[in-house]
Amino acid sequence: MPLLRSPLQRVRALGRPPVRALMNLRELVSALNDFASPALAESWDNVGLLVEPSPPHTVNTLFLTNDLTEEVMEEAVQKKADLVLSYHPPIFAPLKRVTWKTWKERLVVRALENRIGIYSPHTAYDAIPHGVNNWLTKGLGTCTSVPLHRSTAPSSPTEGTHRVEFCADAEHLDAVLSKIKDIPEIFCLTTLPVRVEGEEQTRVSLNCTQKALLEVVAFLSQNSLLYQKTEILLLQKPLLPHTGMGRLCTLSEPLSLSDTVERIKGHLGLPHVRLALGAGRTLESPVKKVALCAGSGSSVLKGTEADLYLTGEMSHHDVLDAVANGISVILCEHSNTERGFLSELRDALTIHLQNKINIIVSEKDRDPLQVA
């Protein structure tokens, strides 16, 4: 006769924490890339899997940090992390050697000695709709936001930057195609029979890079008949909605600058921020539009019309430019505009990874700058 569980036993069973399964490193990296495609990162950035222990490598604990310092690495070792997700890439400039001499080299040594992988998303997390900049907007209260610089679709079936189309008669077609095929960076070369002004001709279509375009045009211009029938189209990848660098936020109701400062401090958990008043502005001036960028925002914010710039750091002269244009500036120190996102990221990745692994946030990670 089967035994029946008591109600108390059933409640205890339901209250047990889920049994987590291990994930293969490559499976996990693929899932992380699905969460935020590395192709969305800036071209200068160094993102993705940076350090890989010899396979097979399974991951039970994913360790999140904003900056991977030696102190944070020691914490990851003590907490038996299998993969560190460091928002900032600890390897940026190429390493010519891996020794015990510099702290970044030691990070790699410690990681490999303890079979810990290192993955960095950096500006890919800046771009995505559910990323760092979106989290930063929440400190402003109710608002609508759009990216300052929208991202293009990372993968597109179209190769090249331009499409060139022209018509050639049968007499010249073979020679033209032969010459065109000798030009590097030509893609999708196709031909189609057409009738032009009652004559049988061939429509030639090709995609090419900017560099190849100069050679194609130089060649076609040698034959006035070909050149007169040439069309050049700029190929543009589609823009992604809600995706890109920085955010321009429009508050549902204007706030005084002093109230805005307090909201930001509360959201970031900071006792103070640095503030530059725009020309003609006071602490009671209304703030309706805020341009923001986590981290170092000068290049992203520059030229944007807003009442306020919010970022981690800006150069002295860029602050002067903003102030001269009547734009106030709040600086919070670089990583203070990013680190708070890690708790939200932990919850989002728990769902995205279907609770398969343990995800923890560093307790040692902190901004290096303090007020003395």
Side-chain angles (χ1 to χ4, degrees), residues 40 42 123 125-152 239-345 348 367:
L40 292 174
E42 295 288 84
T123 52
Y125 276 13
D126 293 349
I128 56 176
H130 48 291
V132 180
N133 283 311
N134 185 67
W135 167 80
L136 190 55
T137 67
K138 295 178 181 180
L140 299 171
T142 305
C143 65
T144 58
S145 67
V146 294
L148 288 171
H149 304 280
R150 286 177 64 184
S151 299
T152 57
L239 294 174
L240 294 174
H242 316 299
T243 305
M245 298 301 161
R247 295 292 184 271
L248 180 62
C249 308
T250 303
L251 279 61
S252 57
E253 296 291 338
L255 286 175
S256 69
L257 180 56
S258 61
D259 286 344
T260 305
V261 168
E262 291 306 312
R263 284 195 180 186
I264 295 301
K265 287 162 62 176
H267 183 58
L268 302 184
L270 298 175
H272 67 272
V273 295
R274 292 189 286 165
L275 172 66
L277 287 173
R281 309 295 178 180
T282 71
L283 287 174
E284 299 309 311
S285 294
V287 173
K288 180 70 173 179
K289 284 189 179 293
V290 180
L292 63 82
C293 178
S296 181
S298 289
S299 62
V300 175
L301 301 176
K302 199 165 189 176
T304 302
E305 294 184 8
D307 302 309
L308 174 67
Y309 285 174
L310 169 61
T311 187
E313 60 179 331
M314 288 176 65
S315 75
H316 174 77
H317 296 287
D318 285 336
V319 172
L320 289 179
D321 285 343
V323 167
N325 289 318
I327 302 169
S328 299
V329 178
I330 295 177
L331 302 181
C332 310
E333 305 308 344
H334 189 113
S335 67
N336 289 336
T337 56
E338 304 160 338
R339 185 170 290 103
F341 171 67
L342 294 179
S343 295
E344 188 171 292
L345 175 64
D367 195 274

Do the side chain of S145 and the main chain of R247 share a donor and acceptor less than 3.5 angstrom apart? no

Looking at E284, is its backbone amide N or carbonyl O close enough to the side chain of S258 to form a donor-acceptor pair, meaning the two atoms are under 3.5 Å apart? no

For a quick test of reading the model, state the closest non-hydrogen atom pair linking I264 to L140 and the distance between them. CD1-CD2, 3.7 Å

Within this structure, what is the CG-CE distance for the pair L320 and M314, rounded to the nearest 0.5 Å? 9.5 Å

Short question: side chain of R150, backbone of G244 - any donor-acceptor pair under 3.5 Å? no

Taking N133 for the side chain and A294 for the main chain, is one N or O donor matched with an acceptor at less than 3.5 Å? yes

Flag the pair L277 / V323 as yes when at least one side-chain heavy-atom distance between them is below 4.5 Å, and no otherwise. no

Nearest heavy-atom contact between P254 and P286 is CB-CB, 4.4 Å

Nearest heavy-atom pair of K265 and P271: which atoms, and what distance? CE-O, 3.3 Å

Atom OG1 of T137 and atom CG of L251: how far apart are they, to the nearest 0.5 Å? 10.0 Å

List the steps, then state whether side-chain contact (heavy atoms from CB on, under 4.5 Å) holds for L240 with L40. CA-CA 10 Å; L240 294 174; L40 292 174; 3.7 Å; yes

Does W135 offer a backbone N or O that forms a donor-acceptor pair with the side chain of H267 under 3.5 Å? yes

Of all residues at least two apart in sequence or in a different chain, which pass the ring pair (Phe, Tyr, Trp, His ring centres under 6.0 Å) check with H130? F35

Taken in chain and number order and not counting sequence neighbours, the residues that satisfy ring pair (Phe, Tyr, Trp, His ring centres under 6.0 Å) with F341 are none

Atom CG of L270 and atom CD1 of I330: how far apart are they, to the nearest 0.5 Å? 11.0 Å

Results of side chain to side chain donor-acceptor pair (under 3.5 Å) for D259 - residues two or more places apart only: S256

Without swapping roles, check the side chain of D367 against the backbone of S335 for a donor-acceptor pair under 3.5 Å. yes

Which residues share a side chain to side chain donor-acceptor pair (under 3.5 Å) with K288, sequence neighbours left out: none

Quick one: are C332 and V273 in side-chain contact, heavy atoms under 4.5 Å? yes

Before giving the answer on side-chain contact (heavy atoms from CB on, under 4.5 Å), spell out for T337 and V132 the whole-Å C-alpha distance, their side-chain angles and the decisive distance to 0.1 Å. CA-CA 8 Å; T337 56; V132 180; over 6 Å; no

Got a sec, which residues hit side chain to side chain donor-acceptor pair (under 3.5 Å) with S296, two or more places apart in sequence or on another chain? none

Can you tell me how far apart CZ (R339) and CD (E333) are? Round to the nearest 0.5 Å. 11.0 Å

From L301, T304, D126, residue fulfilling side-chain contact (heavy atoms from CB on, under 4.5 Å) relative to C293: L301

Is there side-chain contact between L292 and C249, with heavy atoms separated by less than 4.5 Å? yes

Determine the minimum heavy-atom distance between N325 and D321, stating which atoms define it. ND2-O, 3.0 Å

Distance (rounded to the nearest 0.5 Å) between L275 CG and L283 CG: 6.5 Å

Distance-only, no hydrogens or angles: does the S298 side chain make a donor-acceptor pair with backbone N or O of D318 under 3.5 Å? no

For residues 302-335, which residue pairs qualify under ring-ring contact (aromatic ring centres under 6.0 Å, His included), counting only residues two or more places apart or in two chains? H88-H334

Has the side chain of T311 got a donor or acceptor atom that lies under 3.5 Å from a matching backbone atom of G295? yes

